[in-house]
Amino acid sequence: MTIPTMANIKGFIFDLDGTLVTSQLDFNYLRGVLQCPPEQDILRFISALSTQEQTRANKVVEDYELQDAHNGVWIEGAEQLIRTLTQRQLPVAIVTRNSKQATALKLANNQLFFDLILTREDAPPKPDPSALLHIAQRWQIPVTELAYVGDYLYDIQAAKNAGMLAYLYAPDTQPDYAQQADWIFSRFADLNALVSPD
């Protein structure tokens, strides 16, 4: 895996929780509350429930997300990176599996400013590439000139499904799927140095 250059990147899209802002969401706990089988995607599990059960389950998830949103703060170096990208006039967006309400709360608390913000209410959740492709179309930028930055397997898969570069933020140990990413970094300072080498 080689260190990428900025020569062909015309815009950045970011995941939110665990990538730009902190999150304490415990998905195993949530699966237990929802009686979702281990290892099954929670949102996919909910989508297969009856309408009444979906309403109840979605309320449980959203309440849990809102509780977490009150405590979200910038991950070290992320705010400076966003400021650098803005200064360089590169478009920046967010695609998150989080709810619109919880996302708005985290963005308000952390004073984040992005060109586009898409949540699970706006497009099918990752790893579906629809949200990423929508942003590429809105920006009129080829997918091959965009990078999606996230901290989980679904982020890499969504980027690959969209034909974009996949950058993985892995601050601690590298997960077993890390090698599927085009580039792995452990500190936002490293990505900031890439964006602004001078």
Side-chain angles (χ1 to χ4, degrees), residues 11-27 29-30 41-44 46 58 61-86 90-136 138-139 146-162 164-172 175 177 181 183-192 195:
F12 281 86
I13 308 171
F14 292 86
D15 173 49
L16 183 61
D17 287 352
T19 300
L20 292 179
V21 298
T22 58
S23 174
Q24 302 301 320
L25 293 174
D26 183 338
F27 295 108
Y29 163 79
L30 199 53
D41 180 74
I42 293 172
L43 297 181
R44 193 171 296 123
I46 292 174
N58 282 324
V61 173
E62 181 142 342
D63 286 348
Y64 188 49
E65 288 176 339
L66 288 172
Q67 179 183 351
D68 179 66
H70 285 285
N71 302 314
V73 296
W74 281 103
I75 287 174
E76 184 178 356
E79 182 178 12
Q80 181 56 49
L81 173 66
I82 299 304
R83 291 182 184 279
T84 299
L85 293 172
T86 301
L90 288 167
V92 184
I94 284 177
V95 169
T96 175
R97 285 166 59 98
N98 216 327
S99 70
K100 189 179 293 291
Q101 189 176 358
T103 298
L105 182 57
K106 282 199 169 181
L107 297 180
N109 285 350
N110 292 285
Q111 300 179 3
L112 302 173
F113 299 99
F114 296 86
D115 298 285
L116 284 168
I117 299 166
L118 298 182
T119 69
R120 65 170 178 263
E121 288 97 335
D122 300 310
K126 300 172 292 185
D128 188 293
S130 298
L132 300 183
L133 294 172
H134 173 76
I135 291 172
R138 281 280 299 272
W139 286 348
L146 294 173
Y148 184 55
V149 183
D151 68 318
Y152 187 59
L153 174 62
Y154 291 159
D155 302 315
I156 297 174
Q157 292 173 334
K160 295 295 185 181
N161 290 340
M164 296 180 183
L165 291 168
Y167 287 3
L168 178 68
Y169 173 56
D172 302 312
Y177 53 78
W183 188 52
I184 307 163
F185 65 101
S186 60
R187 302 179 311 138
F188 271 94
D190 296 332
L191 182 51
N192 199 36
V195 171

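Side chains included, hydrogens not; waters and symmetry mates left out as well; all remaining heavy atoms used.
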(message) Between S99 and Q101, is the side-chain hydrogen bond (donor to acceptor under 3.5 Å, both in side chains) condition met? List the steps.
(response) CA-CA 6 Å; S99 70; Q101 189 176 358; 5.9 Å; no
Spacing of [X] atom [atom1] and [Y] atom [atom2] [to the nearest 0.5 Å]:
| X | Y | atom1 | atom2 | answer |
| --- | --- | --- | --- | --- |
| L118 | L16 | CG | CG | 12.5 Å |
| I75 | L20 | CD1 | CG | 7.0 Å |
| N192 | I82 | CG | CD1 | 9.5 Å |
| E76 | T22 | CD | OG1 | 12.5 Å |
| M164 | D155 | CE | CG | 12.5 Å |

Hey, is the main chain of [Y] close enough, under 3.5 Å, to the side chain of [X] for a donor-acceptor pair?
| X | Y | result |
| --- | --- | --- |
| D115 | V92 | yes |
| N161 | P127 | yes |
| E121 | K100 | yes |

(message) Could you check whether Y167 and Y148 have their ring centres less than 6.0 Å apart?
(response) no
(message) Walk me through whether D26 and Y64 qualify under side-chain contact (heavy atoms from CB on, under 4.5 Å).
(response) CA-CA 9 Å; D26 183 338; Y64 188 49; 3.4 Å; yes
(message) Please evaluate residues L132 and L146 with respect to the criterion side-chain contact (heavy atoms from CB on, under 4.5 Å), reporting the C-alpha separation (whole Å), side-chain torsions for both, the decisive distance (0.1 Å), and the verdict.
(response) CA-CA 9 Å; L132 300 183; L146 294 173; over 6 Å; no
Any side-chain heavy atom of [X] sitting closer than 4.5 Å to one from [Y]?
| X | Y | value |
| --- | --- | --- |
| F14 | L81 | yes |
| Y169 | L191 | no |
| D41 | R97 | yes |
| W183 | L165 | no |

(request) Might you work through the side-chain contact (heavy atoms from CB on, under 4.5 Å) test for I13 and W139, ending with a clear yes or no? (result) CA-CA 11 Å; I13 308 171; W139 286 348; 4.0 Å; yes
(message) Between K126 and D15, does any NZ, NE, NH1 or NH2 come within less than 4.0 Å of an OD or OE carboxylate oxygen?
(response) yes
(request) Could you check E65 against V61 for side-chain contact (heavy atoms from CB on, under 4.5 Å), going step by step and ending with a plain yes or no? (result) CA-CA 6 Å; E65 288 176 339; V61 173; 3.8 Å; yes
